[in-house]
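Notes follow once the structure below has been shown.
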Amino acid sequence: MDNMKGFVTFEDKKYPFSFSNKRLELYPDKFDSQFRQELFNYFERGKTIKDIELHGVTANRNNVVFEVSEQYSDNDGFLSFNVYSIYEYDSLRYQVYMEDDKQKYHTKETAIRGIKIRGVDIDLFYPPEKVYSIDYTKKDKALSTVYVNRIMEVPLGKIEWKGTEVVFSAQYTVSRSFSATPLHSSSEIVVMFGNAVSLDFVKEIYNSVFQTFRYLTRRNNIVFDSIEVFDINEKQLREKFGKYYDLRHHHEKETNKKMKQRVLNYDCVGEQFARLVKSFLDGIIYIDHLPDNLDKVNKFGPDRMLFDFVAFEREYANLYPELDVRSDKYLEAKKTALEALDGLIEQKTGKVKKYLSTFRKRVAADENSLSDRLLLVIKDCEAIMKPFLIYELGKEYDVSADGITPLEDVASKMNTLRNDMAHGNLDIRLDKWHIFGFAIIETLLYAMRLKALGIDERKIQEGLIQVMGYNFLLDK
């Protein structure tokens with residue numbers, strides 16, 4: 001993001017501003033000795049610090065909205081804010097028409113009808129090199145002709161969010177230049193809104209697309225180079241009028257040479273992309289266990305281990321609710337116990353009532369063990385998981401020895417480890433079976449979600465080999 005200057009309004013007062021390096025500086029028109037005293041009185045202990053929007057105009061006459069922290073630094077009235085995002089846009093667009101053989105125009109207020117997102121991680125998801133066709137001479141197989149295929153948008157599905165239809169698609173873009181590389185192609189995600197929407201709505205959708213790409217690439221360092229905002233004109237064509245800059249999520253780009261292979265791409269996800277975005281809008285997929293970059297995917301510390309367990313518990317609760325996986329007798333017994341405890345709680349007082357309430361919470365939270373849940377989900381997803389289980393545990397992963405299978409043994413070890421970590425047991429010793437266990441859990445997390453989306457099992461397996469970095473071929 002380049003430097004920027006202009007005027008912005010803060011607390012009903014207009015300030016000259018300059019922006020650089022994620023900092024917004026406001027300049028007063030005079031020194032105010034009372035300003036510093038007001039600053040110290042403004043933030044009380046325990047007060048929640050919120051993000052606010054400052055509206056203004058840039059030096060090139062564009063409108064601008066800065067998303068900043070309301071806690072700012074002050075130096076004798078010179079204010080400085082941390083900036084999290086910037087929305088720069090034209091508030092008017094021009095419509096040309098002819099009158100009396102003269103070209104005239106009138107203005108119309110712009111409205112947000114969609115966004116386009118570009119970046120290297122989008123190129124990984126929808127590879128732009130596929131836009132070309134290449135012919136070789138038959139004689140020596142030398143390069144003869146490069147064709148640019150007809151560019152058409154491919155659908156990524158649609159959802160409804162807060163009463164608005166949101167349609168996703170992907171497409172290639174090709175530019176030409178007189179240089180050593182005369183053709184340059186890239187890919188973009190296009191998001192269309194069924195009606196005009198607010199900036200807050202755009203942020204919700206954008207943030208969920210960002211989280212979706214973290215999920216698709218199994219890492220946190222996602223970088224989008226360009227987020228364009230467009231309107232739909234009278235000819236039903238997209239007309240760019242603004243840009244959105246995300247400064248909160250800026251990371252260094254992935255540099256690992258294997259990054260092109262380590263992604264769940266369009267061929268795997270297809271039109272279920274939109275439903276993945278909806279899952280993040282609904283806040284039901286947990287991805288805090290993902291590593292920062294590909295160089296860290298094979299490094300396991302206590303935090304990642306614990307977050308892996310949390311991620312599995314969250315997905316299990318989402319996709320395998322208790323009513324679906326518990327027997328009728330168990331559900332009846334649990335209901336009876338809760339009703340009995342409710343009656344006792346009403347009758348008792350004081351500490352006895354408090355203890356009974358604690359007992360009720362424990363009964364209400366009772367569920368099968370982590371090992372039982374792991375085995376249940378693996379069984380449900382076994383058609384997908386089988387080659388990965390064989391890779392990690394061998395062909396006899398489900399063959400009993402001394403009354404327990406290798407898979408059951410690993411599930412039991414993971415259950416013990418989770419309990420030790422949850423209860424602060426520092427005397428934890430890991431072996432290779434724990435590492436196999438975490439590989440199985442992280443693979444299973446993708447398998448259970450992609451299966452729930454209805455993606456073909458073979459495509460899921462091919463996608464898992466890529467995103468998890470497995471080094472084997474599937475049987476034909």
Side-chain angles (χ1 to χ4, degrees), residues 43-51 70-71 162 204 211 278-290 301-380 404 408-430 434 437-438 441 444-445 448-449 452:
F43 289 102
E44 302 174 2
R45 184 176 182 181
K47 180 183 175 75
T48 301
I49 299 173
K50 302 177 181 179
D51 295 342
E70 68 175 342
Q71 185 178 35
K162 296 184 176 179
E204 281 189 281
Q211 304 302 330
K278 180 63 162 55
S279 297
F280 285 102
L281 284 167
D282 292 332
I284 61 175
I285 299 183
Y286 182 91
I287 54 174
D288 286 350
H289 65 295
L290 296 178
D303 52 347
R304 182 171 171 188
M305 295 177 188
L306 190 57
F307 289 159
D308 270 356
F309 291 134
V310 173
F312 175 78
E313 299 286 10
R314 178 77 67 86
E315 279 291 65
Y316 182 86
N318 291 330
L319 302 175
Y320 298 85
E322 184 180 60
L323 292 177
D324 293 341
V325 301
R326 281 295 200 176
S327 68
D328 292 339
K329 290 184 178 180
Y330 171 87
L331 295 173
E332 181 183 355
K334 185 174 182 178
K335 180 182 178 182
T336 301
L338 291 174
E339 290 174 349
L341 286 167
D342 286 337
L344 291 172
I345 290 170
E346 290 184 7
Q347 299 172 17
K348 303 298 181 179
T349 59
K351 286 190 175 182
V352 173
K353 183 174 184 177
K354 180 180 178 181
Y355 292 145
L356 288 169
S357 297
T358 300
F359 297 156
R360 190 194 186 284
K361 290 179 181 179
R362 292 175 180 173
V363 173
D366 180 69
E367 54 187 11
N368 48 4
S369 66
L370 172 66
S371 59
D372 290 337
R373 293 193 291 277
L374 280 171
L375 294 172
L376 184 148
V377 178
I378 289 172
K379 182 178 180 180
D380 185 56
I404 186 171
E408 291 170 340
D409 186 42
V410 168
S412 177
K413 286 178 178 291
M414 302 307 287
N415 188 79
T416 301
L417 177 62
R418 194 283 304 266
N419 291 340
D420 286 343
M421 296 183 72
H423 293 95
N425 182 359
L426 301 180
D427 187 24
I428 297 175
R429 296 184 179 182
L430 301 180
H434 290 105
F438 282 115
I441 288 177
L444 187 61
L445 283 168
M448 56 202 291
R449 172 57 59 179

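Both backbone and side-chain heavy atoms feed into the values below; hydrogens, waters and symmetry mates do not.
Residues Ser371 and Ser412 share a closest heavy-atom pair of CB-N, 4.0 Å. Minimum interatomic distance between Ile441 and Asp308 (heavy atoms only, all atoms of both residues): CG2-O, 4.2 Å. The two residues Val363 and Ala337 have their closest heavy-atom pair at CG1-CB, 4.2 Å. Of all non-hydrogen atoms in Leu319 and Ala452, the two that sit nearest each other are CD2-CB, 3.8 Å.
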Before giving the answer on side-chain contact (heavy atoms from CB on, under 4.5 Å), spell out for Val410 and His434 the whole-Å C-alpha distance, their side-chain angles and the decisive distance to 0.1 Å.
-> CA-CA 7 Å; Val410 168; His434 290 105; over 6 Å; no

Before giving the answer on side-chain contact (heavy atoms from CB on, under 4.5 Å), spell out for Leu370 and Asn419 the whole-Å C-alpha distance, their side-chain angles and the decisive distance to 0.1 Å.
-> CA-CA 9 Å; Leu370 172 66; Asn419 291 340; over 6 Å; no

Checking salt bridge (Lys or Arg N to Asp or Glu O under 4.0 Å) for the pair Glu408/Lys413: CA distance, chi angles, key distance, verdict?
-> CA-CA 9 Å; Glu408 291 170 340; Lys413 286 178 178 291; over 6 Å; no

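Between the CG atom of Leu306 and the CG atom of Asp303 there is a distance of 8.5 Å, given to the nearest 0.5 Å. Residue Met448 holds its CE atom at 10.0 Å from CD1 of Ile378, rounded to the nearest 0.5 Å. The line from CE of Met421 to CZ of Arg418 is 11.0 Å long, rounded to the nearest 0.5 Å. Atom CG in Leu356 sits 9.5 Å away from atom CD in Gln347 (nearest 0.5 Å). Here the NZ-CG distance, from Lys361 to Leu338, works out to 13.5 Å after rounding to the nearest 0.5 Å.
Under a 4.0 Å N-O distance rule, the pair Glu346/Lys353 does not qualify as a salt bridge. For Arg360 and Glu339, the salt-bridge test fails: no basic side-chain N is under 4.0 Å from an acidic carboxylate O.
Side-chain atoms of Tyr320 and Glu315, non-hydrogen and from C-beta on, never get closer than 4.5 Å to each other. Annotation: side chain of Phe438 is in contact with side chain of Met414 (closest heavy-atom distance under 4.5 Å). Side-chain contact between Tyr355 and Lys348 is absent, with no heavy-atom pair separated by less than 4.5 Å.
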Atom pairs and distances, side-chain donor-acceptor, residues 279-290, under 3.5 Å, sequence neighbours left out:
residue, atom, partner, partner atom, Å
Ser279, OG, Arg275, O, 3.0
Asp282, OD1, Lys278, NZ, 3.3
Asp282, OD2, Lys278, NZ, 2.9

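Ring centers of Phe312 and Phe307: at least 6.0 Å apart, outside the cut-off.
Judged by distance alone, with hydrogens and angles left aside, the side-chain atoms of Asp380 form no donor-acceptor pair with the main-chain N or O of Leu376 at under 3.5 Å. At distances below 3.5 Å, at least one donor-acceptor pair connects side-chain atoms of Glu70 with backbone N or O atoms of Lys50.
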